[in-house]
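Single-structure report; data block below.
Numbering of ligands and ligand atoms starts at 1, following listing order. Position 1 is the first residue of the sequence; numbering continues from there. Side-chain atoms are counted along with the backbone in the values below, which use heavy atoms only and exclude waters and symmetry mates.
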Amino acid sequence: MDTLTLTRPDDCHLHLRDGPALAAVLADSARRFARAVVMPNLRPPVTTVAAALAYGERIRAALPTGADFTPLLTLYLTEATPASELRAAKAAGLVGVKLYPAGATTHSDAGVHRLEAIHPQLDVMQDIDLPLLVHGEVTDPKVDVFDREAVFIERHLAPLVARFPALRVVLEHVTTREGVEFVRAARPGVAASITPQHLSLNRGALFEGGLRPHHYCLPVLKREEHRAAVLAAAISGDPRFFLGTDSAPHAQTAKESACGCAGIYSAHGGIELYAEAFDAAGALDKLDAFASRHGADFYGLPRNTGTLRLRREPVPEPDSLPFGDQRLVPLRAGGQLAWQIAA
Ligand code: DOR
Ligand code: ZN
């Protein structure tokens, strides 16, 4: 099978940034995906419905002419988020509320310090059926960076899912065997998104022949056994697992630095990278549901009706892409993608 026709997919976890960065990256996502769940970790963070709707307008205004792409907006949860804002979010069609433990990742400093402090908000979200999207890592410096997801699940996520039994929860960018097993065993209403890098790379990719800042993201790449578990979940056909690229652009200078930013840009290969991983695993027949149905069904959205055709034919990746007045180094820079979009 050298061509593959998919239902138009959805990216259930995407960073689009704002201003010139947004203008530089948006076309890559819009060319591939019908919709994307857009993360709210801007500076300042998107903590109000008014800010989210204004951001949605800026995204629409930055779309190339003729593009058919719908941003699915989210709210950034803080300990001060009022119940009224959550109700307004639901009424305005926002699809979820993002929980960043304070200090866990890029622009998370306005996030949540103590999970107990947001129990009132979670109560409301459970009542109105507004999903919680979780960056699942502890920030405790005593916990090894490679263990932060597993420890978060044990200490925080498992109790939270039990305490709010009707709250819909996405463990975003699952990276570990423990994460996959947790979601598989969880009650209905618990799901996980999966990135292309956690499907195809293990932590060795951070140190291949030298330090590789463009393979650095959070949660960080894990051991091979975890990559294998994440891949097995993705190709299993289990509807709890769906596509979320976590494409997170940072300027080349901010990545290639003494203290480089976390985030991998993958929107330029946002579906092709998954096709390659599913193909290598002999599971291309499972890609359509993973990319186009499971996410829509979880979010209660209509499934997309259009199609996207892919062709198995290598395409070289440039060393970098324009990014406002800077440059952006994409995943596979200087290498190639095994699949491409058929015109
Ligand atoms: O690597 C990451 N980059 N992980 C995140 O959670 C945030 C993201 C970003 O916004 O750059
Ligand atoms: Zn993210």
(Q) Could you tell me, atom by atom, which parts of ligand 1 come under 4.0 Å of a heavy atom of Thr105? (A) 2 (C), 4 (N), 5 (C), 6 (O), 7 (C)
Q: Check ligand 1 against His135 and write out every atom of the ligand that is under 4.0 Å from a heavy-atom position of the residue.
A: 6 (O)
Test your reading of the model: is there a side-chain donor-acceptor pair from [X] to the backbone of [Y], 3.5 Å cut-off?
X      : Y      : result
His226 : Arg177 : yes
Lys222 : Val220 : yes
Ser193 : Gly244 : no

When you look for heavy atoms under 4.0 Å from ligand 1, do you find them on the side chain of [X], its backbone, both, or neither?
X      : result
His250 : side chain
Ile264 : neither
Gln197 : neither

**Q.** atom 3 (N) of ligand 1: nearest protein contact (heavy atom, Å)
**A.** Ala262 O, 3.1 Å
Q | Protein contact to atom 4 (N) of ligand 1 [nearest heavy atom, distance to 0.1 Å] | A | Leu218 O, 2.8 Å
**Q.** Near the Zn ion (ligand 2) (cut-off under 2.8 Å), count of protein N, O or S atoms
**A.** 3
Can you confirm, on distance only, whether ligand 1 has an N/O atom lying under 3.5 Å from any N/O atom belonging to [X]?
X      : result
Tyr216 : no
Cys217 : no
Pro219 : no

**Q.** Fellow cluster residues of Val329, listed by chain then number, with links counted only when side-chain atoms sit under 4.5 Å apart
**A.** none
Using distance only, find each side-chain donor-acceptor pair of residues 61-73 under 3.5 Å and give its atom names and separation, not counting sequence neighbours.
from: Asp68; atom 1: OD2; to: Arg8; atom 2: NH1; distance (Å): 3.4

Q.
Suppose we screen for ring-ring contact (aromatic ring centres under 6.0 Å, His included). Which residues come up paired with His119, at least two apart in sequence or across chains?
A. Phe164
Q) Regarding Arg240 and the six-membered ring of Phe298, is the cationic atom NZ or CZ under 6.0 Å from the ring centre and inside 45° of its axis? A) no
Q.
So for His107, does at least one of its heavy atoms come nearer than 4.0 angstrom to any atom of ligand 1?
A. no
Q. Quick one: does Arg17 get a heavy atom under 4.0 Å from ligand 1?
A. yes
Assess the side chains of [X] and [Y]: does a donor N or O sit below 3.5 Å from an acceptor N or O?
X      : Y      : result
Thr81  : Gln121 : no
Arg17  : His250 : yes
Asn304 : Thr7   : no

Q. What do you reckon, is CZ of Arg184 surrounded by more than 12 foreign heavy atoms closer than 6.0 Å?
A. yes
